[in-house]
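Shown next, in C-alpha cells, is the structure this report addresses.
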Amino acid sequence: MNSGDTAWVLVSTALVFFMVPGLALFYGGMTRRKNVLSTLMQCIIVVCLISVQWVLFGYTLAFGPDSGFGILGNLDFICLRNVDFNPFNEYSKTIPHLAFMIFQCMFAIITPALVIGAFAERIKFSSFCIFSLLWATFVYDPIAHWVWGAGGWLKELGGLDFAGGMVVHGSSGLAALVVCLLIGQRVGYQKQPFRPHNLPFTVLGAGMLWFGWFGFNGGSALEANGLAVNAFVSTNLAAAVAALTWAIWEWQKDGAPTMLGLVTGIIAGLGAITPACGYVRPLAAIPIGILAGVFSFLAVTKLKARLGYDDSLDVFGVHGICGVWGTIATGLFAEKAINAAGANGFLFGNVKLLLVQGLYVAVVICYSVAVTWILYKFVEAFMGMRVEKKDEIIGLDLTQHHESAYTVVE
C-alpha cells in the first residue's frame, strides 16, 4: 500500500461528501422559501439511506466479482465481508479495499440526490425515501457494475467513463426527466413566476460543488499521480469555459448575464468533463466545456419551454444532457498518451471507441428510463408519490416536516 495514495483517496472521499451539502444549498436556493427545508432534508436523508444500503448490499452489487454476463456483482462483499485493509487488486493495488469502498459510496449517494431537483416542491417525503432506495439498488448499482465493476460487460467491451458521465449524470438526468413527466407540473406552473428564493445559497452551493468536484474527478485516479493532476486541471477548465459560454450567450440574448446562468454553466461544464477528465488532454476541456454550455443552455431555455415539462431545477437539461455529451466527447478526444488504460478516440484514428461510447449512452438511456418508470409506478401504486394540492400550495416545509426555514421575530 501507498500512504500518499491512501491519503489522497480519503481526502477525495471527503471532498465528494462535501458536494452533498453543496447540492442541498444549490437546489435549496432555487426553490421557493416554503420548500427550502424539504429540499435540504431530501438531500441529507439520501446520505443516511444510501450509506447504510451501500454497506449492506449496494457495494457488492456494484463492485463485487461478476455474477455472470457482466450484469451484476455477486454477494462476496455483502455487509462488507472480505472488505478489509488490504488492497483489492482488481481496482487498486495501493489503497485499502475499505478506502475504495467508502470513496465509491459517495458516488452512490450523490447520484440519487441529483434527481431531487426534477420533482422539487411536490413529492411526498415517505415516497421519496423508498423511491431513492429502490432507484439506487436497481438503477445505479447495476450501471456502476457494467462500467466500473470487475467483469462488467461495458467495461469489457472497452467503454470509458472516468468518474461517472453516464453512471452518475446521465442516469440521474434521464431518471429526472421520467419522474418530472410522471409526477406532473407544479401547481401554477407557466401561470405564475417560480423565482429562486435565495440566489446567494445557490452560488455558495455551486462553489462547494466545484470545490468537491476536484475530489470527484481527481480522486477517481485512485492514486496521487499525474493522472489525478490531469483530471484536476481539466475539471477546472471545463467548468470555467462552460460558465463563460452561458454568460456570453445570455448577455447577447437578454442584454445582461445572470448569476443563475453563470452557476448553471459551471455545473454543466463539470458534468460534461467528468467522464473524459482522465482520458483527454486539458486543452480538450475547452471544446467540451463550450459545447456543454451550448447544449445545456438550449435544453434549459428552449427544449423545456417547447415540450412543457416541469423539471423544477433543470436536472435533465444540465446533468442528463451534459452527461451524454461528455461520454460521447470521450470517444472523440481520448488519448492513450494521457491514460494507457484507456484508448485513442475518433480524432486519433479509433472509430471503435466512439461507437462503443455511443452504445454505452444508448443502453443507459434505455435502462434508466425503463426502470425508473417501473419503480415510480410501483411506489405510486402503494404509497402515492405526489402531495395533496393543498399541501403543495402551503409548502412542503410545513406539511411534510412541520417546520419553517425562516421565522419572523416580533
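Nothing fancy with the numbering, it's 1 onward along the sequence. The analysis underlying the following values was restricted to heavy atoms, covering all of them including side chains, and did not include hydrogens, waters or symmetry mates.
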Q. Taking the inter-plane angle between the rings of Phe214 and Phe232 on a 0 to 90° scale, is it parallel (under 30°), tilted (30 to 60°) or perpendicular (over 60°)?
A. parallel
Q | Contacts of type ring-ring contact (aromatic ring centres under 6.0 Å, His included), residue Phe201, not counting sequence neighbours | A | none
(Q) Before you tell me yes or no, could you show the steps for Gln53 and Asp141 under side-chain hydrogen bond (donor to acceptor under 3.5 Å, both in side chains), namely the whole-Å CA-CA distance, both residues' side-chain angles and the distance that decides it to 0.1 Å? (A) CA-CA 11 Å; Gln53 182 264 10; Asp141 293 343; 3.0 Å; yes
Q. When the ring centroid of Trp213 is compared with that of Phe216, is the distance short of 6.0 Å?
A. yes
Q: Indicate yes or no: at least one non-hydrogen side-chain atom of Leu298 is less than 4.5 angstrom from one of Val294.
A: yes
**Q.** Pair His197 + Tyr406: ring centers closer than 6.0 Å
**A.** yes
Q. In this structure, which one of Glu392, Gln42, Arg386 forms a side-chain contact (heavy atoms from CB on, under 4.5 Å) with Ile123?
A. Gln42
Q. So which heavy atom on Trp325 is nearest to which on Ala272, and how close?
A. CD1-CB, 3.9 Å
Q | With sequence neighbours excluded, residues passing ring-ring contact (aromatic ring centres under 6.0 Å, His included) with Phe18 | A | Phe211
Q) Is Thr372 reaching over with its side chain to a backbone N or O of Ser368, donor-acceptor style, under 3.5 angstrom? A) yes
Q) Pairs in or reaching into residues 282-308: which pass salt bridge (Lys or Arg N to Asp or Glu O under 4.0 Å), with residues at least two apart or in two chains? A) Lys304-Asp314
Q. Around Phe138, counting heavy atoms of other residues, nucleotides and ligands shown, do more than 12 lie under 6.0 Å from its CZ?
A. no
Q | Lys34 bridged to Asp397 by N-O distance under 4.0 Å | A | no
Q: List the atom of Gly317, the atom of Asp311, and the distance in Å for their closest heavy-atom pair.
A: N-OD2, 3.8 Å
Q. Any idea which heavy atoms bring Ala228 and Gly218 closest together, and the distance?
A. CB-O, 3.5 Å
Q: Examine Tyr91 together with Phe88 and report whether their ring centres are nearer than 6.0 Å.
A: yes
Q | Rounded distance [0.5 Å steps], SG in Cys43 versus CG in Leu114 | A | 9.0 Å
Q: Show your working on side-chain hydrogen bond (donor to acceptor under 3.5 Å, both in side chains) between Asn35 and Glu121 and close with a plain yes or no.
A: CA-CA 6 Å; Asn35 296 310; Glu121 303 191 308; 3.0 Å; yes
Q | Residues which pass ring-ring contact (aromatic ring centres under 6.0 Å, His included) with Phe125, listed by chain and number, not counting sequence neighbours | A | His401
(Q) Between Tyr360 and Trp146, is the ring centroid distance below 6.0 Å? (A) no
**Q.** Trp246 CH2 to Leu262 CG distance, which is reported to the nearest 0.5 Å
**A.** 10.5 Å
Q | Between CZ on residue Phe382 and NZ on residue Lys377, distance to nearest 0.5 Å | A | 14.0 Å
**Q.** Closest non-hydrogen atom pair, Val46 against Pro112
**A.** CG1-CG, 4.1 Å
Q. Yes or no on side chain to side chain contact (heavy atoms under 4.5 Å, CB included) for Leu174 and Val178, after CA distance, side-chain angles and deciding distance?
A. CA-CA 6 Å; Leu174 291 156; Val178 172; 5.8 Å; no
Q. Is the number of heavy atoms from other residues, nucleotides or ligands within 6.0 Å of CH2 (Trp373) greater than 12?
A. no
Q: If a pair satisfies salt bridge (Lys or Arg N to Asp or Glu O under 4.0 Å) and one of its residues is in residues 41-55, list it, with sequence neighbours excluded.
A: none
Q | Residue pair Ala343 / Leu353: nearest heavy atoms and the distance that separates them | A | O-CD2, 4.0 Å
Q) When you look at His145 and Tyr140, which way does the ring-ring contact (aromatic ring centres under 6.0 Å, His included) test go after all the steps? A) CA-CA 9 Å; His145 184 76; Tyr140 179 81; over 10 Å; no
Q.
The criterion is ring-ring contact (aromatic ring centres under 6.0 Å, His included); which residues satisfy it with Tyr189, sequence neighbours excluded?
A. none
Q: Drop me the distance from Ile50's CD1 to Met106's CE, to the nearest 0.5 angstrom.
A: 11.5 Å
Q. Rounded to the nearest 0.5 Å, how far does OG of Ser126 lie from CZ of Phe131?
A. 13.5 Å
Q) Once you round to the nearest 0.5 Å, how far does CD1 of Ile321 lie from CG of Leu291? A) 12.5 Å
Q: Spell out, as yes or no, whether a donor-acceptor pair under 3.5 Å connects the side chain of Asp76 to the backbone of Pro65.
A: no
Q: Determine, step by step, whether Asp5 and Thr94 satisfy the side-chain hydrogen bond (donor to acceptor under 3.5 Å, both in side chains) criterion, reporting the C-alpha distance in whole Å, the side-chain angles of both residues, the deciding distance to 0.1 Å, and the verdict.
A: CA-CA 7 Å; Asp5 293 344; Thr94 62; 2.8 Å; yes
Q. How are the rings of His97 and Phe100 set to each other: parallel, tilted or perpendicular (split at 30° and 60°)?
A. tilted
Q: Report the C-alpha separation of Glu250 and Thr258 in whole Å, then their side-chain angles, then the decisive distance to 0.1 Å, and conclude whether the side-chain hydrogen bond (donor to acceptor under 3.5 Å, both in side chains) test is met.
A: CA-CA 7 Å; Glu250 275 192 324; Thr258 66; 2.8 Å; yes
